[in-house]
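Accompanying notes for the structure given below.
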Amino acid sequence: MTAWGKEMMIEDTKVTFMADTRMETTKALGLELAHPGPMGVLGNTRCKRFAMYLDDGVIKVINVSEAEDDPAGDDKPETSCIENMLKEIAAL
């Protein structure tokens, strides 16, 4: 996550990248990607593509990029992309 954060230039911003290597948070939020299509390619259980905005540990916005015909959110990731997140955060 550190290398990704450096590449995304989040240092000195309010953005925090966090790993969930044991999938504890992923499971608690119900964000396990279990669809056989993507899992047949990826192998191990993964986290769904999502973005979350928290304020003092309270989830204020959570967006998951998935659809019935796109369970991994690869075709339409816009739901969890920055433009949509900023729009929803501004609307709070």
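All values below come from the heavy atoms of this structure, side chains included, with hydrogens, waters and symmetry mates left out. Sequential numbering from 1 along the given sequence is applied to the chain's residues.
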Where L33 and T45 come nearest, the two heavy atoms and their spacing | O-CG2, 4.0 Å

How about E32 and M23: do any of their side-chain heavy atoms sit closer than 4.5 Å?
-> yes

Is there a path from F50 to I59 through hydrophobic residues (I, L, V, M, F, W, Y) whose side chains come within less than 4.5 Å of each other?
-> yes

Would M52 and L29 satisfy side chain to side chain contact (heavy atoms under 4.5 Å, CB included), going step by step from the backbone distance to the final call?
-> CA-CA 11 Å; M52 182 168 42; L29 292 171; 3.9 Å; yes

NZ of K87 to CD1 of I89, rounded to nearest 0.5 Å, is 12.0 Å

Please examine the side chains of L31 and V64, heavy atoms only from C-beta on, and report whether any two atoms are closer than 4.5 Å.
-> yes

Closest heavy-atom pair and its distance - K48, G30 = NZ-O, 4.2 Å

Please tell me if the side chains of I62 and Y53 come closer than 4.5 Å, counting only heavy atoms from C-beta onward.
-> no

Mind checking whether E88 and L92 have side chains closer than 4.5 Å, heavy atoms only?
-> no

About how many Å separate CG of N84 and CG of N63, when rounded to the nearest 0.5 Å?
-> 5.0 Å

Hey, are the side chains of L54 and K60 touching, using non-hydrogen atoms and a 4.5 Å cut-off?
-> no

Any side chain to side chain donor-acceptor pair (under 3.5 Å) involving residues 68-83? Give me the pairs, sequence neighbours left out, ordered by first then second residue.
-> R49-D74, S65-S80

